[in-house]
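What follows is one structure encoded as structure tokens, with my remarks underneath.
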Amino acid sequence: MLARQRQEMILDEVRRTGAVQVSDLVQRLGVSDMTIRRDLDALAARGAVEKVYGGATSVLDRSTDEPGFETKSMYLPEEKKAIALRASEMVRPGTALGLSAGTTTWTLARHLDDVADLTVVTNSVRIADVLQQRGRTDRTVILTGGVRTPSDALVGPVAVRTLQSLHLDLVFLGVHGMSTRAGFTTPNLDESETNRALARAANRLVVLADHSKWSTVGISTIVGLDEVDVLVTDDGLPEQARTALEERVRELRIAPCSGNEDSVSSCPSRPGPSEEGNR
């Protein structure tokens, strides 16, 4: 197993339980104590975990905690790719499209090469760069401007004013968390206001959120569950969460990481069924 895969699994466990112990990770992953400690050092250096005696804890316990883009981009990449591929099926030539800032929407932007004649509005410099670097002459990319957040979103009055005047066919929204009580949330108040403006500009609103976002709550609600036309998530979402979401969102689409809708996910960052039974 590669170091990156181990670190993704460690992050998944920290996100799920709030803390991990070196001894448990050694047994679970079948590597040495020193290997796990190096992995924790690497994760701590990126701000993804906080090292403590004998292990590590989550740095995302507070509703205002906001990890940087690099930290988020290394978390559950296979799930994000699966979600992006499923979402890309919804984009047709000639669409006026909105993409909020985020690592899942950034992944989606990288899978739009085959769609002709797109107009894309985004508040993410990284997404704008990806789309413009593809070299298509039939694509218009509009960057909102605004103040940059730790997660590389452009937010604030400038971004909001730009979005308030627009009417978009389809908007893809990345979120920090989702829950039945709070809806879709973010840890940044300014980003919440900007994303609400983007959502209001949409004829059809689609949220992209991997399974780790379930039961995570940021300080500010962007939209309620019942305000979303489609939620695209991965097949790591617990069954009880699927049931709760199906009752509230207008449409729930599950992206299988294996690429086969009838198969069990083969995402490397998720533990296998036997391991899940010991959790």
Side-chain angles (χ1 to χ4, degrees), residues 63 66 72 80 83-84 86-92 95-109 112 118-128 131 141-149 151-210 213-214 216-233 244-253:
S63 61
E66 184 175 10
K72 292 197 293 185
K80 290 175 181 177
I83 291 168
R86 188 67 185 268
S88 69
E89 298 169 359
M90 303 172 65
V91 183
R92 298 288 181 263
T95 300
L97 187 66
L99 292 175
S100 76
T103 54
T104 311
T105 46
W106 172 77
T107 305
L108 170 60
L112 295 178
L118 289 180
T119 298
V120 183
V121 178
T122 183
N123 66 325
S124 166
V125 175
R126 290 178 184 262
I127 288 175
L131 293 169
V141 180
I142 301 167
L143 189 61
T144 63
V147 178
R148 202 165 190 161
T149 71
S151 59
D152 279 353
L154 297 177
V155 302
V158 172
V160 170
R161 280 197 297 271
T162 300
L163 295 168
Q164 284 175 338
S165 63
L166 299 178
H167 305 280
L168 303 170
D169 300 316
L170 191 59
V171 165
F172 291 101
L173 195 66
V175 298
H176 173 76
M178 54 181 172
S179 75
T180 53
R181 177 180 63 85
F184 297 102
T185 60
T186 174
N188 187 297
L189 290 171
D190 287 332
E191 186 166 4
S192 180
E193 184 181 8
T194 301
N195 282 347
R196 276 195 294 271
L198 183 59
R200 284 194 292 268
N203 182 51
R204 195 176 189 204
L205 179 61
V206 183
V207 168
L208 309 182
D210 66 69
K213 307 296 177 67
W214 177 248
T216 297
V217 178
I219 193 172
S220 181
T221 296
I222 305 167
V223 291
L225 298 183
D226 60 355
E227 297 178 76
V228 170
D229 294 298
V230 183
L231 168 62
V232 186
T233 186
L245 288 166
E246 284 172 345
E247 293 174 351
R248 292 166 175 83
V249 299
R250 294 167 193 168
E251 183 181 351
L252 177 65
R253 298 190 183 188

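Every value quoted in this text rests on a predicted model; they were computed, and no experiment measured them.
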Are [X] and [Y] side-chain neighbours, meaning at least one heavy-atom pair lies under 4.5 Å?
X	Y	value
Thr103	Lys80	yes
Glu251	Asp229	no
Ile222	His176	no
Val206	Val171	no
Leu97	Leu168	no
Leu252	Thr233	yes

Nearest 0.5 Å, what's the [atom1]-[atom2] distance between [X] and [Y]?
X	Y	atom1	atom2	value
Ser100	Phe172	OG	CZ	10.5 Å
Leu170	Met90	CG	CE	5.5 Å
Leu99	Leu198	CG	CG	8.5 Å
Thr95	Arg204	OG1	CZ	11.0 Å
Leu231	Leu245	CG	CG	6.0 Å
Thr221	Glu227	OG1	CD	9.5 Å

Does one side chain, of Arg196 or Ser192, offer a donor that lies under 3.5 Å from an acceptor on the other?
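A pair is found: one side chain offers a donor N or O, the other an acceptor, under 3.5 Å apart.
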
Ignoring hydrogens and angles, state whether a donor on the side chain of Thr144 or Thr162 is under 3.5 Å from an acceptor on the partner side chain.
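Judged by distance alone, the side chains do not pair up.
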
Go through it in stages, so that I can follow the logic: the residues are Leu208 and Leu173, the test is side chain to side chain contact (heavy atoms under 4.5 Å, CB included), and I'd like the CA-CA distance, side-chain angles, deciding distance and then a yes or no.
CA-CA 6 Å; Leu208 309 182; Leu173 195 66; over 6 Å; no

Could you point out which residue of Asp190, Val147, Leu143, Thr194 forms a side chain to side chain contact (heavy atoms under 4.5 Å, CB included) with Leu154?
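The side chain to side chain contact (heavy atoms under 4.5 Å, CB included) with Leu154 is passed solely by Leu143 among Asp190, Val147, Leu143, Thr194.
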
Before you tell me yes or no, could you show the steps for Asp226 and Arg248 under salt bridge (charged side-chain N to carboxylate O under 4.0 Å, His left out), namely the whole-Å CA-CA distance, both residues' side-chain angles and the distance that decides it to 0.1 Å?
CA-CA 5 Å; Asp226 60 355; Arg248 292 166 175 83; over 6 Å; no

Under a 3.5 Å distance rule, please check whether [X] uses its side chain to pair with a backbone N or O of [Y] as donor and acceptor.
X	Y	result
Asn123	Ala101	yes
Lys213	Val175	yes
Thr185	Gly218	yes

